Amino acid sequence: MRMTGGTRGTGSNRWGRSWGVATLAVLLAGGSAACSTPPFGGGSETSATLGGGGATTTATPPAGKENLARYYGQRVEWQPCESNQCAWLTVPVDYAKPEGETIRLRMLKVPARGSSKGTLFVNPGGPGGSATEYASLANFIVTPAVRQTYDVVGVDPRGVAKSNPVTCLDDKAMDAMMGADPTPDDAAERTAVEGIAKEFAQACQAKYPNLLPHLGTPDVARDMDVARAALGQDKFLYLGKSYGTYLGTVYADLFPAQVGRMVLDGAMPPSLSDTELSLGQAQGFETATRSYVEDCVKKGGCPLGGSVDDGMAAIRELLKSVDAKPLPIKGDPRVKELTEGWASMGMAAAMYSQQQWPELTNALRGAKAGDGTGLFSLAAQYAERESDGSYGGNIMQVISAVNCLDHPVERMTEAQQEQQVAEFTKVAPTWGRFMAGSSYTCLNWPVQSTNKPRVITGEGANPILVVGTTRDPATPYAWAQKLAEQLKGARLVTFDGDGHTAYMRSNRCVNDAVDGYLVGGKVPGGDVRC
C-alpha cells in the first residue's frame, strides 16, 4: 500500500503510491520538548563550519551542459501574490532535447525578515506535495532564526499543483480509485482492481504523452538546479521532508559541487528496492500503530480493548469486516460507504501525528457502532478531498506518475505474491498484507522505467544533515540510519518519538541542531540524539 505528504497509491501498494507525506495540517501539528543531549554531540570544538551558501553567482550551466544556458541564464521576475511573491521558471520537458518543448514551474517566495543571506528551497514530500503552498507557511515550517536569515522558496515540481498539474481522472473516478479494494482476495477482485489501474494509466497517457516520461526525480532535481542558478545563488540550500529527502539525495548525486546546506528529514534512501520500501513501510506503520494503541489503552475507555495485542487484533478485525461489508457514511455528496480502501487510508493517515490520535479514537468508536463517517473523514483529509467531493490538489494522481519511474516493479506470480504476503505479515501482522505485492498501476504504466536502486554517496558535496524519527510510520528510522551511512560526511539527528518527520513539529533539540547547521553553518561533531 505505500503511503506518502510528500508527503505511493492511496489504498494499496498495488496502486503504486508510498505513504510518506501527510496533509500540511498534519505536518504542521506538533509541539516542543527539551533537548536530552547537547545539540551538537561532540561539542563546538570538534564541529566543522560550513561557508555561506547564499553568494550570488553568474548563472551558468554545469560543465558539459552549455546547451542549457538559456534556462540557467533566465531572469526570474517576482510579482506580488497575496502576502508573498510568485514567479514562473521555464525548463525543458526533456533535458536531452533542450531546444524542444518547455513547461513553466510555479515558484513562491517568502522574503527573509532580516537582511537575506540567500534562498532556502523547501519541499514537503509526496511526491506530489505543493512546495509553493508549503513555502507560504514559512512561519510554521522553519524557526524564526531561519526566517530572519533566508528567503524561503518553494518550487512546485513538474506535474504538481501549479506546475502543469497531472490530473488524469475526474473527481468521481478518483473516488472509485481511492475506495477500491487494497487487498483483493480472488481472481475476480484482482481483475477489477487491475482494471481501475489500467483505466488510470491509459487516461494519463492520453492526456500527457510527452510529459509522462519526464516526471521522474532526476528531472525534478535538474529543475531545482536551474532554479538555484536563475535566482543567482552559488550553492543549493535545501530543506526536504519525506520524498523531499529522495529529491535532495538525487540532487546531491547530480550536482555535488552545488550542495550548500542540505537537511533531509524523514529519509528515503535511493538504494532501496521496491520490495524493501514496501516492507520498511509495513514495519513502520506496524510500530506506529502499536504506539497509538498503547496510548489509547493507557488513557482508558479505548474502543479497541484493554491491551495492545487486543487493540491490534481489533484493528485487523475491523478492516477485515469492512472489506466484507462496508460501513455507511453520513453527509458526503457522493461516497456513501466506507470501504476497506478508505478505512485503511484513514487509519494510516492518523499515524503521521499524535495530534490526530484522539480523532482516530473517536472514528474507531464510531466504526464499532456501525458508522464509517469518522474514518472516511480522516482519509478525505489525507487525500485533500473537500467536503463538496472535489479534490484540492493532484497529489493522489501525480504520485504514481513519479513513483512508477523512480521505483520500477516486477510482476509476481500468484504463488510469489502469496509468499510475500506471508513474509510481510509475519513481521507486520496488521499492515503487511496491504504493503505486499506489486503495484497494479506501475505494472500497467505506459512508460517503462530504466531506474535502478543504487547507493548515492554525494561524493564532493558538503556534509548533509539527515533527520530521523524512531517511530516514524512512513519513513522508518532505519532508512534515516541507512542514508546517513551512505552519504559521505553526513550527520544523523535522531528524534526518539512518534510521527512523521521531526523538524518544527516535535522537539526543540532537533530544531536547535538543524538551526545551528542552516543558520550557523555548524556541522555537528558527531550524530545527535534528541
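All values below come from the heavy atoms of this structure, side chains included, with hydrogens, waters and symmetry mates left out. It should be emphasised that the depicted structure is a prediction, and the values quoted were computed from it without experimental measurement.
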Backbone of [Y] reached by a side-chain donor or acceptor of [X] within 3.5 Å:
X    : Y    : value
Q416 : T413 : yes
K336 : D332 : yes
D156 : A131 : yes
D265 : A502 : yes
E286 : Q283 : no
K482 : A267 : no
R70  : P98  : yes
Q281 : A474 : yes

Aromatic ring proximity Y238/Y251, centre distance under 6.0 Å: no

Taking the six-membered ring for Trp and the single ring otherwise, decide whether the centroids of Y382 and Y352 are under 6.0 Å apart. yes

Go through the steps to decide whether T339 and D181 satisfy the test side-chain contact (heavy atoms from CB on, under 4.5 Å), and finish with yes or no. CA-CA 7 Å; T339 63; D181 192 343; over 6 Å; no

Using the six-membered ring wherever Trp is involved, compare the ring planes of W431 and F434 and label them parallel, tilted or perpendicular (cut-offs 30° and 60°). tilted

Does a donor on one side chain and an acceptor on the other come within less than 3.5 Å for [X] and [Y]?
X    : Y    : result
N444 : E194 : yes
S353 : Q355 : yes
E340 : T183 : yes
T430 : R316 : yes
T373 : D371 : yes
E386 : Q381 : no
S439 : T441 : no

Determine whether Y246 and H407 satisfy the following criterion, ring-ring contact (aromatic ring centres under 6.0 Å, His included), listing intermediate values before the conclusion. CA-CA 12 Å; Y246 187 93; H407 308 291; 5.3 Å; yes

As an exercise, state the distance from CG of D498 to CG of D472, rounded to the nearest 0.5 Å. 9.5 Å

Which value, rounded to the nearest 0.5 Å, describes the distance between M504 atom CE and F140 atom CZ? 8.5 Å

R411 vs Y440, test: side chain to side chain donor-acceptor pair (under 3.5 Å). Steps then yes/no. CA-CA 9 Å; R411 186 175 294 276; Y440 283 122; over 6 Å; no

Go through the steps to decide whether F121 and F236 satisfy the test ring-ring contact (aromatic ring centres under 6.0 Å, His included), and finish with yes or no. CA-CA 8 Å; F121 290 93; F236 184 58; 5.3 Å; yes

Only one of R106, R228, R104, R158 forms a salt bridge (charged side-chain N to carboxylate O under 4.0 Å, His left out) with D223, so which one is it? R158

Evaluate T361 against Y292 for side chain to side chain donor-acceptor pair (under 3.5 Å), listing each step before the verdict. CA-CA 9 Å; T361 298; Y292 156 71; 2.8 Å; yes

Less than 4.5 Å apart, any side-chain heavy atom of [X] and any of [Y]?
X    : Y    : result
W342 : L375 : no
V153 : V122 : no
I395 : V160 : no

So if I apply the side-chain hydrogen bond (donor to acceptor under 3.5 Å, both in side chains) rule between Y243 and each of T475, N403, T217, N123, which one comes out positive? T217

Under the side chain to side chain donor-acceptor pair (under 3.5 Å) criterion, do S390 and D388 qualify, and how do the steps go? CA-CA 6 Å; S390 64; D388 63 358; 2.7 Å; yes

If you draw a 6.0 Å radius around NZ in K207, do more than 12 non-hydrogen atoms from other residues or ligands fall strictly inside? yes

Is the count of non-hydrogen atoms from other residues, nucleotides or ligands lying under 6.0 Å from E276 atom CD greater than 12? yes

Are the charged groups of R454 and D253 less than 4.0 angstrom apart, N to O? yes

